[in-house]
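Written below as structure tokens is the structure these notes are about.
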Amino acid sequence: MTADDTIFALSSGQPPAAVGILRISGPEAGQALESLTGSLPKPRVASLSKITDMVSSELLDLALCLWFPGPNSATGEDLAEIHCHGGRAVIRAIEAALEQIDGLRRAEPGEFTRRAFTHGKMDLAEAEGLSDLLFAETELQRKAAVRNAGGALSRKVDDWQQQILQLSAQVEAELDFSDEDDVAPEQAAMVQNAARPLVEQMRNLLARPRAEKLRDGIRVVLGGPPNSGKSTLLNALVEREAAIVSDIAGTTRDVIEVPIALGGIPFLFIDTAGVRESGAETIEQIGIDRAHQQFAAADIILWLGDEGQGPGVDGLVEVSSRSDHPDHSPKALGSFTLSPVSGQGMDALVDYLVTRAKDILPDGDQVSVNARQADRLTAASESLAAMIDEPDYLIVAEHLRMARKALDEITGKASTEDMLDGLFGKFCIGK
């Protein structure tokens, strides 16, 4: 498998469908399309063509075909598309005909997008945004992914790069035309002062919530002692029987995770084993240990146990969940008194979760960074901060170089094959 291979794959949804789109990319793309249709259509003009098997001359389908000569194509190389009828048999027949053509092979997951990256049609930050867009399930996820896939982060990084390059040029000029000890103090101060707003801008971006939080959802963990109503509350929140409910204490032994969108915001609700200090047998104790691990990773904890007995972490919300029971006594400091069975108080809890989530999640109208990008942005900001009070101009030049390198790694100008394999391997085949 090499980058010079010509690849093909179904790039639309799984059949059956109204239309199936087969994409061919690589040096033999034009010849492959011509072999199936008898001629190449005009570039970027849809042409109705007969798709014919080369060996049997059997008519496979009547389809719209498009031809995009490289480098002006989505992948940056010769690209052809066949828009055929979306039945399984039709698509299988055309794929089988393509497999008979010398030099063609089926694409690997994400290979079309990787070729677009390789040929400069998108950078790494845009590719990561596209990956998030493919998996977006809520409007908030879609807006954030579209922004990054459209190059919002890349443009910001490029602007920083240009400013740092100008500073580097000034520093290099001083080093070339002055003795190291003769650099004018005012010149050094000018360069270092110019770096201050860049550091502030980078730190402001780093202070925003991470993009992963928007992709993975707000982690809401339900905690409390055995038989405190956690599973009942979970089922009411997700509006289905996601967890087994029983009067027997200790029914929930393991972690149960349920993803759901509320108010257009992604949540991951997590039911945990009942927590108690003593009396748990071996399997139950494993569940309790896992519950404590979930408490540590939670964004919000809904605590259904005795008041003040929940884990001492940020994000804990006291919940009194059995307001419909005759023997119910509300917590003095309980944030919410409700009944998952009757529905009393549930709307208020959901409204609270949605409002709280908006403070935790990145704003869909702003640029946000993922963990990998944040790591490189942190390195760039630290290099710039280190040069501000550095008296040695040679070291100043090195800090500027390191900042440029870190920013290059955000957009993929400096990257490793393992990291690229990890990213593009998450894409579907045909993308």
Requested in this report: Consider only side-chain N and O atoms of E77 and S25, and report whether a donor and an acceptor are under 3.5 Å apart.
Outcome: yes

Report task. Please check if any side-chain donor atom of D159 sits under 3.5 Å from a side-chain acceptor atom of Q163, or the reverse. Result -> yes

Query raised in the report: Quick one: does Q192's side chain have a donor or acceptor within less than 3.5 Å of a partner on M387's backbone?
Result: yes

Report task. Could you point out which residue of I51, L10, I91, V19 forms a side chain to side chain contact (heavy atoms under 4.5 Å, CB included) with C84? Result -> I91

Query - Short N-O contact, R196 and E200, less than 4.0 angstrom - result: no

Query raised in the report: Tell me the salt bridge (Lys or Arg N to Asp or Glu O under 4.0 Å) pairs involving residues 81-96, sequence neighbours left out?
Result: R23-E81, E95-R106

Requested in this report: Report the residue from D271, T272, L302 that forms a side chain to side chain contact (heavy atoms under 4.5 Å, CB included) with L234.
Outcome: D271

**Report entry** E139/R142 ion pair, N-O < 4.0 Å
**Finding:** yes

Requested in this report: Over 60° means perpendicular and under 30° means parallel, so classify the ring planes of F295 and H292, tilted if in between.
Outcome: perpendicular

**Report entry** Salt bridge flag under 4.0 Å for residues D299 and R219
**Finding:** no

Query raised in the report: Got more than 12 heavy atoms from elsewhere within 6.0 Å of NE2, H85?
Result: no

Query raised in the report: Hey, are E111 and R105 close enough for a salt bridge, meaning a charged N less than 4.0 Å from a carboxylate O?
Result: yes

**Report entry** Stepwise salt bridge (Lys or Arg N to Asp or Glu O under 4.0 Å) check, E128 with R372
**Finding:** CA-CA 10 Å; E128 288 172 313; R372 184 197 69 83; 2.9 Å; yes

**Report entry** Under the side-chain hydrogen bond (donor to acceptor under 3.5 Å, both in side chains) test, residues paired with E390 that sit two or more places apart
**Finding:** none

